[in-house]
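A note on names: the letters A, B, ... follow the listed sequences, proteins ahead of strands, and every chain is numbered from 1.
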Amino acid sequence: MTRLVWFRNDFRVHDNPALMHARRDNEEDCLAITFVCESQWRRHGLGDRRINLIKQAINGLHRSLEKLGIPLLVIQSDLFKDSENDLRHVLGALDVSELNYNIEYEINERHRDISVCRLCQEYEVSTNKFHDQCLLAPGEVRTQNNDPYRVYSPFRRSWLSLMQDYCPAPLGAPAPQASDIISAAVSDLINDRHALPESVSDPLWSTDENTAHQRLSEFLDSDVLRYHDLRDLPDAEGTSRLSFHLALGILSPRQCIHTAWQRNNCMLSGGEQGIDTWINELIWREFYRHLLVAYPQLCKHKAFKPETEGVPWRNNKSDFDRWCRGETGYPIVDAAMKQLLDQGWMHNRLRMITAMFLTKHLLIDWRWGEAWFFEQLVDADLASNNGGWQWSASTGADGAPYFRIFNPTTQSEKFDKQGLFISRYLPELAKLSAKSKHFPSAGERSLYGYCDPIVEHKSARERALTAFKQTLEA
DNA sequence: TGATTGTTCTG
DNA sequence: AGAACAATC
């Protein structure tokens with residue numbers, strides 16, 4: 001009998017509940033399986049860069065599993081429904097006892113899993129599902145009324161009290177599997193396949209699990225102490241940059257929080273300020289996942305607040321394109337958008353500034369921006385991306401009130417005081433004084449070849465206020 | 001996890 | 001004039 005462990009968005013061998021369960025003893029052999037559903041991923045909006053990185057992560061996983069004596073069957077399936085057929089063939093070819101996997105919470109993924117479980121029933125294969133994306137599974141954190149939380153602060157309070165200032169230790173990696181346990185059928189199946197072609201590695205984003213562990217310890221050994229003070233400064237590299245590893249499951253949130261908890265004198269809050277603040281960000285991550293599960297409309301391009309569906313978005317394609325390319329004439333916005341294109345990543349403060357600029361100053365539907373970020377980001381994650389966008393657009397559960405509109409120039413002066421980040425991505429402005437970099441004069445723009453502002457701040461702000469006000473207070 | 005505007009208080 | 005504050009968006 002063979003146990004399957006299905007890797008989906010958890011490309012790691014450490015702290016992987018499904019993998020550990022499949023290797024709980026040596027009674028049966030264990031085969032890892034994963035499906036490369038490129039068309040499905042594109043349909044979900046992932047871009048080239050991220051898809052390439054997933055393939056790289058799969059190849060890395062392949063090598064890690066090899067060291068553990070666990071073969072990985074990589075199947076290229078196109079769409080989810082194709083992967084179901086492909087799984088059927090595997091179940092037909094092998095004597096499978098069980099299928100183990102860690103749960104994905106997005107709607108298409110859940111539907112796929114429902115039909116896969118049905119398929120397993122047909123073949124008398126038991127299915128074991130595990131929560132690995134949150135420390136407290138979605139649904140476990142509820143108000144006294146037994147409702148899901150809609151507001152962050154009370155969610156956080158409740159989350160912390162349920163955790164009781166404790167964080168369970170990560171699971172580690174399973175013991176290696178002896179090669180003689182592997183059944184002939186599995187060997188035949190594996191030998192029949194060719195591996196996923198090695199993709200070009202991305203110098204900025206390592207998919208290697210051990211490198212991620214190193215970065216985590218490094219961050220929590222020193223950088224985190226300045227996290228509270230530096231995390232809002234895009235030029236400072238004050239953030240962990242671990243969102244990518246979390247998004248692909250190269251790291252688990254438990255590994256992150258447990259390491260932080262240890263460094264924080266075994267506290268989840270009320271300890272060192274930097275560590276507290278970082279853990280708080282990870283609780284935001286849990287919050288958005290819990291929301292996604294509690295409110296399925298979030299998976300279907302719906303606003304959390306239905307009344308905001310009436311906002312008269314302008315949806316001007318050429319304005320949108322200028323925003324995407326970083327040609328709005330607001331330096332902090334443009335530098336940020338160029339960082340996204342350059343790195344497949346954007347600093348969190350800049351995500352808020354650019355998102356608010358698109359939805360408020362340009363009055364363009366948050367879904368356009370959400371899709372662009374999702375395509376470009378190496379850390380693209382439906383729950384967090386949607387949560388952030390709906391926060392900025394004031395359509396979300398616990399969003400910014402619609403009248404809280406960032407002034408991009410003020411944000412720039414506050415968080416990029418010397419204009420160093422702006423200079424990094426807009427070298428044409430390098431010669432300007434720090435003061436001018438935040439918003440160059442008309443003369444300075446034409447002198448250095450920088451475009452004119454796409455909208456005038458004050459009138460754009462008023463346009464957005466009016467649009468929201470008429471919609472929400474009608 | 002704001003910004004703006006108008007008012008009062010300070011020097 | 002400019003800080004400090006409150007009301008409003």
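Ring pair A:F11/A:F7: centre-to-centre distance not below 6.0 Å.
When the P atom of B:dT1 is taken as reference, atom CZ of A:F415 falls 11 Å away, rounded to whole Å. In this structure, A:F403 places its CZ atom 17 Å from P of C:dA6, rounding to the nearest Å. Between A:I405 atom CD1 and C:dT8 atom C1' the separation is 13 Å, expressed in whole Å. Distance CD (A:Q411) to P (B:dT4): 10 Å, rounded to an integer number of Å. Atom pair A:L233:CG and B:dT1:P shows a separation of 16 Å (rounding to whole Å applied). Atom CZ in A:R349 sits roughly 6 Å away from atom C1' in B:dT1 (whole-Å rounding). Between the NZ atom of A:K469 and the C1' atom of C:dT8 there is a distance of 9 Å, rounded to whole Å. A straight line from CG of A:L465 to P of C:dA7 spans 19 Å, rounded to a whole angstrom.
Distances shorter than 4.0 Å separate some side-chain N or O of A:N407 from OP1 or OP2 on B:dT4.
Which of B:dT5, C:dC9, B:dG2 sits closest to the side chain of A:K458 comes down to B:dT5. For A:F406, the listed nucleotide lying nearest its side chain is B:dG2; candidates were B:dG2, C:dC9, B:dT1. Of the candidate nucleotides B:dA3, B:dT5, B:dG2, B:dA3 has the atom lying nearest to any side-chain atom of A:H457.
Taking 4.5 Å as the limit, some side-chain heavy atom of A:L382 sits within range of a side-chain heavy atom of A:C299.
Partner A:F421 forms a side-chain contact (heavy atoms from CB on, under 4.5 Å) with one of A:P331, A:S412, A:P234 and no other, that one being A:P234.
A:K360 comes within 4.0 angstrom of nothing in the nucleic acid, heavy atoms only.
Cation-pi geometry between A:R112 and A:F80 is met: the NZ or CZ atom falls under 6.0 Å from the ring centre, inside 45° of the normal.
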